[in-house]
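Notes to accompany the following structure.
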Protein chains: 2
Amino acid sequence: MKYSAPTIKDIARALNLSTSTVSRALRDSYEINPATKKLVLEYAAKLNYHPNPIALSLRERRSLSLGVVVCEVANSFFSQVINGVESIAYEKGYQVIISQSRESSVKEWRGLQYLASRSVDGLLMSLSTETTDLSMIRQLHAQGLPIVFFDRVAEDIPTHKVTVDGFQASYKAVSHLIENGYRRIAILANAAFLSITKERLAGYQKALAEHGLPLRESYIRYCDHGGMYYDEVESALRSLLAETPRPDAIFAASDKLTTNSLRVLRLLQIKIPDQMALAGFSNSELTELLDPPLTVIKQPAFEMGRIATELLLQLIESKRPVKEFETRKLQAEVLVRASTLPRKKRIVQYPTSR
Amino acid sequence: MKYSAPTIKDIARALNLSTSTVSRALRDSYEINPATKKLVLEYAAKLNYHPNPIALSLRERRSLSLGVVVCEVANSFFSQVINGVESIAYEKGYQVIISQSRESSVKEWRGLQYLASRSVDGLLMSLSTETTDLSMIRQLHAQGLPIVFFDRVAEDIPTHKVTVDGFQASYKAVSHLIENGYRRIAILANAAFLSITKERLAGYQKALAEHGLPLRESYIRYCDHGGMYYDEVESALRSLLAETPRPDAIFAASDKLTTNSLRVLRLLQIKIPDQMALAGFSNSELTELLDPPLTVIKQPAFEMGRIATELLLQLIESKRPVKEFETRKLQAEVLVRASTLPRKKRIVQYPTSR
DNA sequence: TTGTAGGCGTTATCAT
DNA sequence: ATGATAACGCCTACAA
């Protein structure tokens with residue numbers, strides 16, 4: 001079945017004009033007779049004519065579209081970022097094309113492949129947890145495709161970056177835990193090589209150090225799929241629970257890790273916060289409705305999308321190659337809730353069962 | 001800054017060949033000298049040549065892309081549908097372009113506008129709650145753009161549709177409420193004109209009727225933005241709570257309505273399920289972790305996306321106009337949890353303090 | 001086996 | 001004020 005939208009040619013033929021006249025009339029050129037113009041516009045409206053964006057793209061060598069690569073849209077943080085991206089993009093007449101990597105470097109690669117080969121004018125990118133090979137991104141960037149990284153950035157690719165100050169955020173959240181009486185705080189983090197992982201880990205370490213608590217390597221766990229798979233989180237937590245001494249708090253360093261940790265702890269019937277406190281990054285709208293309400297670090301995701309897009313459009317619309325790049329660091333807020341209530345001294349810390 | 005990918009022309013010039021030879025070599029045509037072929041392929045690889053999809057689209061009059069119009073991706077149901085769509089689309093070499101209406105008919109219109117005018121080969125569509133004017137969709141459809149509706153369908157546009165059996169699902173969920181002792185069940189629904197609203201309402205009515213309960217018009221509330229705005233849900237619920245006699249259960253007929261209802265009830269400090277039971281549609285991964293765990297109707301969202309996409313590709317790839325259309329109805333499952341525990345007879349039903 | 005020309009829809013340039 | 005032509009990158013019928 002063939003779908004065929006009306007073209008300038010159709011209008012020209014019907015009205016006995018040349019395509020150039022029609023084109024000019026449609027663009028309201030001053031050199032067209034008002035009568036002709038009216039004729040053309042009316043007929044075009046009747047046909048519901050719209051210029052073919054593909055032809056336009058081919059001619060103008062730009063598609064007026066931006067690619068966004070995220071691990072998945074079914075993640076509050078990323079969907080909020082996307083809303084921020086769209087808010088700016090639409091304003092400036094750009095279409096947004098989303099590609100999901102689902103934390104797989106193969107899928108990421110495939111999405112990039114498609115987006116890159118001239119179908120988008122620029123790229124907004126958050127790396128998948130699996131991505132270690134940056135060669136393709138590097139090459140696209142070298143070829144001149146404007147790229148802005150957000151959230152999970154490639155540190156050594158010289159371009160604009162927008163991140164959240166994960167160091168500060170983690171520092172604040174872990175300090176909060178310590179101030180509420182928790183002493184044995186474990187951390188559940190994303191893949192170790194990600195920039196955000198390093199940052200968040202550093203904030204955790206600083207909070208411990210500043211309060212004179214020891215840093216135990218055995219209290220650190222990495223989840224290479226960012227908590228995308230439940231099993232990965234369950235086994236990490238189980239092994240943490242088997243540590244001696246057992247941690248009295250978990251700090252989860254990303255969205256999926258946080259909610260999946262809650263799931264595991266509930267499954268294991270571990271009381272929060274009495275037997276184990278829980279805090280972590282999360283942008284879900286539902287965290288305050290959970291049982292217990294979760295203490296979370298909420299990132300300014302929408303804002304992040306907006307800023308990244310503004311920077312990208314700057315790159316795209318700049319006449320000369322941009323040499324100076326900036327890294328914007330946004331502050332996140334810590335929302336304190338019941339999952340990290342001050343530790344009660346009287347509670348039995350090591351129940352005999354489990 | 002200008003990004004310019006290598007073209008066939010570049011290769012032809014460099015190798016002293018014609019563009020057609022290069023083109024054929026790249027497509028591994030049998031009529032090309034193996035030596036030439038090798039030469040071209042190697043040089044192309046070196047340049048990291050990829051055919052320009054825009055030029056291809058212009059020529060082949062298809063873009064190998066599908067448009068998806070949903071109200072928002074930050075909604076578990078829709079993001080799961082999208083994952084289903086992508087799973088099929090990628091397999092068949094199609095790119096997926098997502099457009100969010102955010103329950104606004106203007107944004108929906110704008111997204112459609114862009115997607116439709118030849119940049120996509122077909123459309124997967126779930127109406128925004130605000131959309132009453134179908135003329136644009138109707139026209140695109142009349143012009144031959146293949147469209148498949150899912151979830152919120154346009155009943156009188158003749159094409160494939162994929163829905164969930166909202167009648168059965170509602171019937172089962174409301175029956176469950178009744179069997180657990182609730183008698184005054186109010187319903188919170190989407191905009192009244194939506195097909196899914198009518199269906200779900202009918203299921204609710206049947207359950208009441210079958211159990212000999214009266215249908216009270218005063219127990220029905222519509223939220224025209226589908227619960228996208230918290231305030232809308234809060235005022236609907238407040239007015240329901242003011243009814244005499246006061247309802248003892250709320251049945252929420254869509255995702256956002258369900259979670260926002262929980263939010264309102266908690267804000268008003270109404271105990272669930274003792275003072276008010278709550279059940280509703282939701283595809284969130286977190287419903288079992290909420291306080292209380294929510295009884296929900298979970299739709300086969302991923303499956304829906306898959307099926308809709310398969311049907312759409314059938315339409316797109318069909319040689320002759322398709323005249324026979326099918327409506328697939330999928331079954332949803334009811335997950336029973338604590339928010340609808342059997343009603344305790346001994347509980348005070350009308351606390352004096354609110 | 002390779003090359004030439006035309007066309008997909010549009011607009012800019014250069015006539016008329 | 002309007003028209004003819006070329007070009008964007010690609011493919012293919014036709015020519016050589």
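Convention: sequence-line order gives letters A, B, ...; per-chain numbering from 1.
- Between the side chains of A/E155 and A/S195, no donor-acceptor pair is found at a separation under 3.5 Å.
- A sub-4.0 Å separation between OP1 or OP2 of D/dA7 and a side-chain N or O of B/K9 is absent.
- Protein atom CD of A/E60 is 8 Å distant from nucleotide atom P of C/dT11, rounded to whole Å.
- Between the C1' atom of C/dG3 and the CD1 atom of B/I11 lies a distance of 17 Å, rounded to the nearest Å.
- Distance, B/I8 CD1 to C/dG3 C1': 14 Å, rounded to whole Å.
- Close to D/dC11, at under 4.0 Å from its OP1 or OP2, lies a side-chain N or O of B/R27.
- Remark: B/Y49 is in phosphate contact with D/dC10, judged by side-chain N or O atoms under 4.0 Å from OP1 or OP2.
- With contacts defined as side-chain heavy-atom distances shorter than 4.5 Å, the pair A/E86/B/Q100 qualifies.
- Between B/S18 and C/dT2 there is no side-chain polar atom (N or O) within less than 4.0 angstrom of OP1 or OP2.
- With contacts defined as side-chain heavy-atom distances shorter than 4.5 Å, the pair A/L127/A/D151 does not qualify.
- Ion pairing of A/E326 with A/R328 is present here, as a side-chain N (NZ or NE/NH1/NH2) and a carboxylate O approach within less than 4.0 Å.
- Both A/T19 and A/Y30 lie close to DNA chain D; mapped to their nearest nucleotides by heavy-atom distance, the more 5′-ward contact belongs to A/Y30.
- In this structure, B/S20 does not reach the C/dT4 phosphate: none of its side-chain N or O atoms is under 4.0 Å from OP1 or OP2.
- For the pair B/F302/B/S87, a side-chain contact is recorded, criterion being any heavy-atom separation below 4.5 Å from C-beta on.
- Distances shorter than 4.0 Å separate none of the side-chain N or O atoms of A/K37 from OP1 or OP2 on D/dA1.
- Between B/I32 and A/L56, the residue anchored closer to the 5' end of DNA chain C is B/I32, taking for each the nucleotide with the nearest heavy atom.
- Nearer to the 5' terminus of DNA chain D, by closest-nucleotide assignment, is the contact made by B/A55 (compared with the other of B/A55 and B/R24).
- To the nearest angstrom, C1' of C/dT10 lies 9 Å from CG of B/L58.
- Atom NE2 of A/H50 is separated from atom C1' of C/dT11 by 19 Å (rounded to the nearest Å).
- Taking atom CG on B/L26 and atom C1' on D/dT12, their separation rounds to 15 Å, with Å as the unit.
- Each of B/R59 and B/V22 was matched to the nucleotide of DNA chain C holding its nearest heavy atom; the match closer to the 5' end belongs to B/V22.
- The listed nucleotides are C/dT1, D/dC10, D/dG3; the one nearest the side chain of B/E31 is C/dT1.
- Taking 4.0 angstrom as the limit, B/T36 places a side-chain polar atom (N or O) nearer than this to OP1 or OP2 of C/dT2.
- Across all strands shown, A/S23 has heavy atoms under 4.0 Å from base atoms, whether or not it also approaches the sugar-phosphate.
- Listed nucleotides C/dT1, C/dG9, D/dG9 differ in distance to B/N33; the shortest reach to its side chain belongs to C/dT1.
- Rounded to an integer number of Å, the gap from CD1 of B/I54 to P of C/dT11 is 15 Å.
- Whole-Å rounding puts the A/R62 CZ to C/dT10 P distance at 16 Å.
- Contact annotation: the side chain of A/L26 approaches that of A/V22 to within less than 4.5 Å [non-hydrogen atoms, C-beta and beyond].
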